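Protein chains get the first letters and strands the later ones, always in sequence-line order, with residue 1 at the start of each. Being a predicted model, the structure only gives us computed values, none of them experimental.
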There are 2 protein chains.
Amino acid sequence: MDRLLPDGGLALASLSEQLLQPGVKGLPLTEPMRQGAIGVQRWNVLRGDTGYPVALLKESALLHNLDWMHRFCAKHGAVLAPHGKTTMSPQLFGAQIANGAWGMTLATAAQVQVAYRFGVRRVLLANQLVAPAEIRAMLALMRDDPHFDFYALVDSEEGVHRLSRAAVAARLGRPLPLLVELGLSGKRAGCRTAEQALALARKVAKAPGLELAGIEGYEGLLHSHDRAGSLEAVRAYVAALADLVREADGKKLFGGDRILLSAGGSAYFDLVAHGFAGMRGLSRPVLPVLRSGCYLTNDHGFYQNLTQDVDEREKVSAGLRPALEVWSMVLSRPEPTLAILSMGKRDASHDMELPLALYTHRPDPEAAGGAEATALPPGCRVEKMNDQHAYLRLPEGDPLCDELKVGDLIGCGISHPCTTFDKWPLLLVVDDAYTVRYAVNTFF
Amino acid sequence: MDRLLPDGGLALASLSEQLLQPGVKGLPLTEPMRQGAIGVQRWNVLRGDTGYPVALLKESALLHNLDWMHRFCAKHGAVLAPHGKTTMSPQLFGAQIANGAWGMTLATAAQVQVAYRFGVRRVLLANQLVAPAEIRAMLALMRDDPHFDFYALVDSEEGVHRLSRAAVAARLGRPLPLLVELGLSGKRAGCRTAEQALALARKVAKAPGLELAGIEGYEGLLHSHDRAGSLEAVRAYVAALADLVREADGKKLFGGDRILLSAGGSAYFDLVAHGFAGMRGLSRPVLPVLRSGCYLTNDHGFYQNLTQDVDEREKVSAGLRPALEVWSMVLSRPEPTLAILSMGKRDASHDMELPLALYTHRPDPEAAGGAEATALPPGCRVEKMNDQHAYLRLPEGDPLCDELKVGDLIGCGISHPCTTFDKWPLLLVVDDAYTVRYAVNTFF
């Protein structure tokens, strides 16, 4: 986790040197503090040392997940370009690349600029580039740095025209590599049929300034309540992506010295890896690129359920662990079964499920450390959030209704890491005893 | 809008001087740029000059709303401590104070620290202070600056004990002024009955280091689909707050030279102003403090509906105007009635309603300016958002199904400003022709 990106050293070091002003969520500052000095404070979250709410990353779980996914990809002959939009944290990008990631996936031109600034030198932009300023910005990075390995998607003739014109005008000295996106009827972007995709691939191959580098899809949108049906649909879609590669290769449309074949969010990456394995006999090697972003922290809700299914399908134990928690304090105990927490929609994701109340602890400022949080009884749940408050409902008749006090801590897991990371400019990395080791920044 | 806070000048100037790096959402940067240089670029959003999505504030609407609310409060004999949590923007705090705001309301200790840093010198913290580090931080501000006028809420004996102990230990040289919160059964924080509130007020009045400065409540939680019932409940609650002031004053519990009586979110501030008017014959003057945060930008959804009701009740025309829009670009047109936009859950609020699709425009990079956006036909709506994408559904058979292209712009209104502001570190203030005048920062 402490290893830096090859070229990101200086920029990352500047984060460590920066003066944090009082007012950064979760930090207990009364004076400015250098970010790099956070670790030596030995703040302990269970002792009540920080501000609340505070967003935590458990270092042991991060390390486990980094290693787990690295081994998973190696075993299946795929490479990982984790979706950086999940965390938008340069320190975490660095940890991912130091742990074997082939590159980073990103969603917007602005995100690519942030990653580049902190040393990321291989990016798959998982969108069509359309806005003139954004096309210019990406081509400027490619032109100014011949070692910047950049790929983007395309799903329309308009996209091909814009990018071809701009790439020619930018005098890159090399083609802009594009992946044609095959989509899904009724879903998001992407060509709706293999025929459309093939026709577009032909246009890319012919267009000045461009190169057809591969084929891309996103199977994560196939999630539905019909689990077996979803799996079947994912397998069929993955097979269609592989077929499209074979067809386009048969027509000699690919440029470059390998073919990128990319899919794989955080729900079905195993099915993608299996579906993309063993592509041989083509004009050049096929490189399967998985793009999971949520594997790094997983969660206690939506993605945990999905990755437990992966464990089952792959027959592995000790799968991905939840690493992200938000801790808040009881601000008010206005009714026997109601506690108002110092955490709201601005602090924890609420788009898939509300935060999952897991632990409680009564902080003792005199404690030497080594305290352990207590699991909350079943039936405790966050039933509502306002902007800055959560409503924790306690099970009627449970002793906790008497015991839980103003000033007690509540530790919550979350469901959907992406929409929790974007609520925190800074998250604290803790050891298993909840002592703060260091901070990571985000750039949203 | 350009007037600064009395003591915030230097800190605000530092924002103007700061170098923005490429990668700030909405800005079309390829090189670092001083924030203060944004205005001279003459970027025009309709010409396609910026990055997309981009969050915009219409200056004319901001100025109108600042003036409208100032006149409203003056007319009703109330003062305004607008809730700063809505925007968390020091430049907008400055504009509010320059336009007559008595002080700022804030929700957390971290927010107070941000406001203080940028020159805000009167704060009502609309929560009970509980965490030790946060109590320490607020008392440190009071101790180090005798002119910092700070008020907080309390609704429990535990709160009184914590604050009394800490205030005595901090040797402030003056009492910490508290408002007792009267809540609502089944709702958020606050004492559940007037008796409990009065008993707590007595404890505050007696506690060393503390002073009872007033009574507080929040009527905004009484919103329901039964409009007449909601209004009735708000009026009764406001009356109960006023009664509590009279009772506590009869028992000589208040300290200081006036009594603060505070309520008033962005939905029913007129009812609060009426209910708090004309409180005379008490031991000291009563100062009604309204706290609306959303008045500044209003919106095109939830709050616009509510403030139109205010206009009706107050028999005024030309009420608050929506000032906040998020513009995005069509990334993909995969099906006749579907457009995929470059805007998602990370860019626009989705907790009350999804963004409201209002305008479209085909940007022409050669345009001299003066373009006008076209209103979208009825039936165009954002029907879903992912993290980074929105699904715009077009009405079947409408000419737009043929006309709308990749690269076209879509302008959306939002519903709930608070959860849009917190998605943008920087928002662009535009004139009525969508030319960018300057940027304001947020600190979440």
Heavy-atom pairs under 4.5 Å with chain B - which of [options] has more of them than the others?
options                                    : answer
Glu181(A), Lys187(A), Met138(A)            : Lys187(A)
Arg136(A), Gln128(A), Arg188(A), Lys25(A)  : Arg188(A)
Asp144(A), Leu409(A), Thr419(A), Asp351(A) : Asp351(A)
Arg333(A), Gln111(A), Gln113(A)            : Gln113(A)
Pro22(A), Ala189(A), Ala137(A)             : Pro22(A)
Ala133(A), Cys418(A), Cys191(A)            : Cys418(A)

Once you measure the plane-to-plane angle for His416(A) and Tyr303(A), does it fall in the parallel (<30°), tilted (30-60°) or perpendicular (>60°) bin?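 Tilted.
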
So which part of [X] gets closer than 4.5 Å to some heavy atom of chain B, the side chain, the backbone, both or neither?
X         : answer
Tyr391(A) : side chain
Leu29(A)  : backbone
Glu335(A) : side chain

Does any heavy atom of chain A fall under 4.5 Å from the side chain of [X], the backbone, both, or neither of them?
X         : value
Arg192(B) : side chain
Leu338(B) : side chain
Asp49(B)  : backbone
Leu27(B)  : neither
Ala107(B) : side chain
Leu341(B) : neither
Val112(B) : neither
Arg162(B) : side chain

Least distance between heavy atoms, [X] atom then [Y] atom:
X         : Y         : answer
Gly265(B) : Tyr218(B) : CA-CE1, 3.8 Å
Thr50(A)  : Gly26(A)  : CB-O, 3.3 Å
Pro363(A) : Met329(A) : CG-CE, 4.3 Å

Salt-bridge contact [X]-[Y] (side-chain N to carboxylate O under 4.0 Å):
X         : Y         : answer
Arg291(A) : Glu216(A) : yes
Glu403(B) : Arg362(B) : no
Asp387(A) : Lys85(B)  : yes

Using a cut-off of under 4.5 Å for heavy-atom pairs, which of Gly190(B), Pro28(B), Pro334(B) has the most such pairs with chain A? Pro334(B)

Let's test your reading of the structure: which of Val24(B), Thr30(B), Asn127(B), Val406(B) forms the most heavy-atom pairs below 4.5 Å with chain A? Val406(B)

Distance under 6.0 Å and angle within 45° of the ring axis: does Arg117(A) meet both against Phe443(A)? yes

Scan side-chain atoms only and decide if [X] and [Y] contain a donor-acceptor pair under the 3.5 Å cut-off.
X         : Y         : value
Arg393(B) : Thr337(B) : yes
Asp408(A) : His361(A) : no
His83(B)  : Thr86(B)  : no
Thr108(B) : Gln388(A) : no

